[in-house]
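Everything below concerns the one structure shown next.
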Amino acid sequence: MAKFATLTRRLAAGAALAAVLAFGAGSASAQVTLRSTDIHPDGYPTVEAVKFMGKLIEQRTNGRIKINVFHSAQLGQEKDTIEQTRFGVIDMNRINMAPFNNLIPATNVPSLPFIFRSVAHMRKVMDGLIGDSILKEFEKHDLVGLAFYDSGARSFYNSKQPINTPADMKGMKIRVQQSDMFISLVSALGANATPMNFGEVYSGLQTKLIDGAENNWPSFESTKHFEVAKFYSLTEHSLSPEVLVMSKKSFDKLSPADQAIVKAAAKESVAEMRKLWDAREKASEAKVRAGGAVINTVEKQPFIDAMKPVYEKFVKDQALKDLVAKIQAEK
Ligand code: BDP
């Protein structure tokens, strides 16, 4: 059933691509509609940021280039959309770093537990040369890294009890994104990691296939996971950012001038995204509290201490060690 749905989506994607045949025709006046995917619903800050970027591009190309944002996972769950973007079936992808972790080693670093001291630290690193060097890594995989967006802090939530110490997580089944690093992170806390698509988590929680998951305030709220897993414990263990990538195939079809317009608009959409994000985090927190979520703060040190094996396993080669050291040294 799931396979069939994916196939149907792929066929639909192919048909829509054929309908935009003008793209790639090579003429300077050709109309281009870039298809961008996002699993989040309309109105979510990531979706709105890419729409904002599309408006900038439309203005700057006198309407020649547009972005059509397919929200709510209309083009598939994140793991599947990576391949489609690499093949150029999808032109742009707003996606979390975690699903790239297994493919692109450097993407593990900003997803690492407790690597950033604060949101300000994360923003400074991702906006600077370190962020640019990570964006460059995507090119080896048929993708062009355009920008990073915020994703706030991810914390654990579950249907059983508040988590105060790692011991409270012992034996819990916790959904993670499809990333070996996140599997290792959850295992290091004594819980059982279950990789699963984002879209399947609500029913997983409801049917008790899993006890919990981890995410930021806006995703905890927009998915209504708080209705079926009300204990939200502020471990804030990862600030794994969002990333906006473009298919290298689609990017190469644009003229150098248009490529520059796309790149600049992506970077400019970051400030807009952050404005929307900061407001949404507060609104989401208020909503889940009003909706009955039980929130607790935690003492983070025992969680930080438990992360040693994760660093040992995923920060092995010298390049990644240097990257971690550079991030930690950034004031
Ligand atoms: C959200 C990210 C989204 C991820 C999702 C997840 O914005 O890209 O897919 O978490 O946990 O915060 O799968």
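In listed order, ligands and their atoms are each counted from 1. Both backbone and side-chain heavy atoms feed into the values below; hydrogens, waters and symmetry mates do not. Throughout, residue positions are numbered sequentially from 1 according to the sequence presented.
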Residue pairs passing the salt bridge (Lys or Arg N to Asp or Glu O under 4.0 Å) test where at least one lies in residues 300-312, sequence neighbours excluded: Glu236-Lys300, Lys308-Glu312
Let me have the donor-acceptor pairs involving side chains of residues 141-149, under 3.5 Å, with sequence neighbours excluded, atom names and distances please.
residue : atom : partner : partner atom : Å
Tyr149  : OH   : Ser269  : OG           : 2.7

Can Asp38 and Lys51 be counted as an ion pair, charged N to O under 4.0 angstrom? no
Kindly state each residue pair satisfying salt bridge (Lys or Arg N to Asp or Glu O under 4.0 Å) with at least one member in residues 95-109, sequence neighbours excluded. none
So, Arg280 and Glu221, do they make that salt bridge, N to O below 4.0 Å? yes
Within the heavy-atom cut-off of under 4.0 Å, ligand 1 is lined by Ile39, His40, Glu78, Arg94, Asn96, Ser151, Arg154, Arg175, Gln177, Phe198, Asn215, Asn216, Ser219, Glu242
May I ask you to say whether Asp127 pairs ionically with Arg274, meaning some side-chain N is under 4.0 Å from a carboxylate O? yes
